[in-house]
There are 2 protein chains.
Amino acid sequence: MARAATQKNRSELICGALRSAILERALLPGMKLPEDSLGERFGSSRTIIRQALERLAAEGLVELRHNKGAAVATPSLEEARDLFELRTHTEDLVIARLASGLSAQQKARLEEHIAQEEAASDGPEPLSIRLATEFHILMAELTGSPVLLRYVKELSYRCGLTLSQFSRPHSSNCGIQEHRDILAAMEEGDVEKARGIARAHLDSVSSRAQFDTGGKNGFSYLDALEPYASGVRGAD
Amino acid sequence: MARAATQKNRSELICGALRSAILERALLPGMKLPEDSLGERFGSSRTIIRQALERLAAEGLVELRHNKGAAVATPSLEEARDLFELRTHTEDLVIARLASGLSAQQKARLEEHIAQEEAASDGPEPLSIRLATEFHILMAELTGSPVLLRYVKELSYRCGLTLSQFSRPHSSNCGIQEHRDILAAMEEGDVEKARGIARAHLDSVSSRAQFDTGGKNGFSYLDALEPYASGVRGAD
DNA sequence: CCCGCAACACATGCATACAATTCGCCGCGA
DNA sequence: TCGCGGCGAATTGTATGCATGTGTTGCGGG
């Protein structure tokens with residue numbers, strides 16, 4: 001069914017493309033996102049660009065200032081802390097459900113994902129960043145609860161944006177082993193242990209942040225966007 | 001500043017009107033929401049109705065079926081359980097922050113709200129239902145964290161919709177004393193106690209549900225919407 | 001009487017055109 | 001030279017019109 005969802009409307013497609021671009025740090029916090037430039041780049045009219053932006057704004061990934069244009073959100077340090085705290089508590093629920101009964105199939109999917117992360121650890125950085133986030137989303141998905149999935153997704157995305165703003169250029173790929181540890185603990189059925197490891201994992205991720213604000217805006221966001229746009233534009 | 005926000009665009013206005021209508025059970029789960037009927041009723045074009053519906057869909061209050069019309073969401077029993085569970089854990093954070101240092105001003109605002117609830121307990125039911133929900137939102141607001149506010153808001157709304165679907169016509173207003181108890185415990189600074197009471201409160205709210213699906217659709221949703229539409233339409 | 005098919009009506013998907021607002025800039029006057 | 005007021009460019013806000021896809025209904029054949 002997830003494959004069928006690929007067939008849906010343009011605005012969702014573009015929304016996803018922009019989201020990926022933000023998560024993979026091709027679009028950095030604070031970058032402006034004018035509607036018609038984006039429309040031209042994606043080969044669509046402003047109508048659906050607007051829809052996509054509005055949705056991303058609802059998710060907290062972009063800021064929509066009245067009559068002054070959209071921009072990638074720039075979360076404050078306080079927001080970052082709150083985001084990670086809430087995410088930790090939300091993922092507690094995910095871990096608890098998974099740890100109290102992990103099926104063989106679920107285990108297999110998690111192992112497969114970890115293998116992908118490992119394979120990507122040598123490759124391009126955007127990919128490994130995205131995979132690290134998607135591990136958490138996969139866990140939420142495996143609970144079978146749309147509610148948990150939705151909120152873990154959104155919080156993970158926002159945390160990803162936060163890291164994009166506050167952490168150093170490179171700070172990922174150390175998390176793979178931690179993901180493995182979480183899976184192992186869940187496999188044992190030890191809810192408390194799994195939860196402890198997951199909390200420690202998120203804490204270590206967030207503590208890797210808050211270093212410097214990084215030098216952004218070295219080049220046009222339009223160029224940064226090209227690889228994301230081509231996939232959508234080609235769908236004409 | 002909240003007053004300035006009143007001046008923003010139509011779609012937000014309409015979005016808020018629809019949300020209130022859903023929360024106050026003027027629009028019941030499953031009711032269809034065709035774009036052009038709504039547009040006519042609110043005196044706006046389909047464009048902004050669409051925006052409002054799309055946003056409500058993102059919040060989980062509306063279901064948007066492809067080419068088959070929008071409708072008020074009909075959460076399943078499982079979703080209801082997940083929603084309340086996640087909401088409980090999220091409000092834990094709110095309670096913890098408030099209980100660890102409640103200012104006099106914060107206390108005053110909460111007391112004022114409880115007084116409003118009390119005053120409304122004899123009045124029209126929609127109002128007291130809304131006030132009960134808004135007490136929780138006010139607590140989140142008083143933490144000063146936009147993140148907590150946003151998610152408590154959304155989860156509270158969705159829980160309200162859930163209650164609209166599963167609970168009996170009347171089951172509110174017994175919660176006022178519980179709200180008072182929460183405030184008292186927070187005032188003492190006893191985080192654990194406050195958390196316990198808040199959890200019990202939410203549990204009792206959710207357990208009051210699951211009675212019957214109620215008889216819905218007795219009349220046109222257009223009539224049900226009139227009081228909400230007039231406020232927006234008059235803004236021309 | 002039932003089944004299949006085709007045309008219609010309804011509802012959304014999308015693009016274009018127009019209106020309103022904001023911000024920056026330039027000229028004018030003190 | 002500095003402050004101020006108005007004008008213009010740019011960008012968003014809103015409406016309308018056409019295209020597309022889906023469900024339904026009515027007709028004809030078996």
Side-chain angles (χ1 to χ4, degrees), chain A residues 1 4-18 27 30-58 61-73 220-222 225 229 231-236, chain B residues 1 3-18 27 30-58 61-73 220-222 225 229 232-236:
Chain A
M1 63 178 88
T6 309
Q7 198 60 13
K8 56 185 153 192
N9 54 20
R10 297 282 293 242
S11 72
E12 295 254 356
L13 243 56
I14 291 174
C15 183
L18 288 172
L27 293 176
M31 275 185 173
K32 289 199 65 178
L33 302 168
E35 290 178 0
D36 38 5
S37 307
L38 290 174
E40 196 177 340
R41 174 65 56 161
F42 280 103
S44 285
S45 90
R46 277 178 44 229
T47 306
I48 60 180
I49 300 292
R50 169 185 269 315
Q51 284 180 19
L53 288 177
E54 211 132 338
R55 171 149 187 184
L56 290 171
L61 292 182
V62 316
E63 282 162 6
L64 225 50
R65 273 144 352 191
H66 198 65
N67 272 348
K68 279 187 293 184
V72 179
S220 161
Y221 70 97
L222 288 175
L225 214 47
V232 177
R233 202 176 340 98
D236 282 18
Chain B
M1 65 177 92
R3 191 56 50 88
T6 308
Q7 199 60 7
K8 56 184 155 192
N9 52 22
R10 297 288 290 255
S11 73
E12 295 252 357
L13 243 56
I14 291 174
C15 185
L18 288 172
L27 294 176
M31 274 185 174
K32 291 198 67 177
L33 302 168
E35 288 179 1
D36 36 6
S37 306
L38 290 174
E40 196 175 341
R41 174 65 57 160
F42 280 103
S44 285
S45 90
R46 277 178 37 231
T47 307
I48 59 180
I49 299 293
R50 172 193 254 342
Q51 285 180 18
L53 288 176
E54 213 134 335
R55 170 147 187 186
L56 290 171
L61 293 182
V62 164
E63 281 164 6
L64 226 50
R65 274 143 356 192
H66 193 67
N67 274 351
K68 277 187 295 184
V72 179
S220 162
Y221 70 97
L222 288 174
L225 215 46
V232 176
R233 201 177 338 102
D236 279 18

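Throughout, protein chains are lettered first and strands after them, A, B, ... in sequence-line order, and every chain is numbered starting at 1. A quick note: this is a predicted structure, and the numbers were derived from the prediction, not measured.
Residue pairs that meet the salt bridge (Lys or Arg N to Asp or Glu O under 4.0 Å) test with at least one member in residues 61-73 of chain A, sequence neighbours left out, do not exist here.
Rounded to the nearest 0.5 angstrom, L27(A) CG and L33(A) CG are separated by 6.0 Å. With values rounded to the nearest 0.5 angstrom, E40(B) atom CD is found 12.5 Å from S45(B) atom OG. The CZ atom of R46(A) sits 11.0 Å away from the CG atom of L38(A) when rounded to the nearest 0.5 Å. Considering CZ of R50(A) and OG1 of T47(B), their distance stands at 9.5 Å, rounded to 0.5 Å. Of the inter-residue distances, the one linking R41(B) atom CZ with I49(B) atom CD1 reads 11.5 Å to the nearest 0.5 angstrom.
Side-chain atoms of S11(A) and E54(B), non-hydrogen and from C-beta on, do get closer than 4.5 Å to each other. At a threshold of 4.5 Å between non-hydrogen side-chain atoms, the residues R55(B) and E12(B) count as touching.
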Between protein and nucleotides 5-10 of chain D, map the contacts as a letter string: B base, S sugar-phosphate only, - none, heavy atoms under 4.0 Å, written 5' to 3'.
------

Annotated protein contacts, base or backbone, on nucleotides 19-24 of chain D with a non-hydrogen cut-off under 4.0 Å, one of B, S, - each:
--SSS-

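Following rounding to the nearest Å, L64(B) (CG) and dG13(C) (C1') show an atom-to-atom distance of 12 Å. Look at CG on L53(B): it is 13 Å from P on dA11(C), rounded to the nearest Å. With rounding to whole Å, E40(B) atom CD is found 12 Å from dT16(D) atom P. If you take CD1 of I14(B) and C1' of dT14(D), they are 11 Å apart, rounded to a whole angstrom. For E35(A) and dT16(C), the CD to C1' distance is 14 Å, given to the nearest whole Å. The nearest whole Å value for the distance from the CG atom in D36(B) to the P atom in dT16(D) is 13 Å. Summarising the geometry, the separation between CZ on R65(A) and C1' on dT12(D) is reported as 13 Å, rounded to the nearest angstrom. If you measure from atom CZ of R46(A) to atom P of dT12(D), you get 7 Å, rounded to the nearest angstrom.
Distances were taken from every side-chain heavy atom of R10(B) (C-beta onward) to each of dT14(D), dT12(C), dT16(C); the shortest belongs to dT14(D).
Nearest approach of E35(A) to L53(A), heavy atoms of both residues: CG-CD1, 4.0 Å.
Applying the 4.0 Å criterion to OP1 and OP2 of dG13(D), one finds that R50(A) has a side-chain N or O inside that range.
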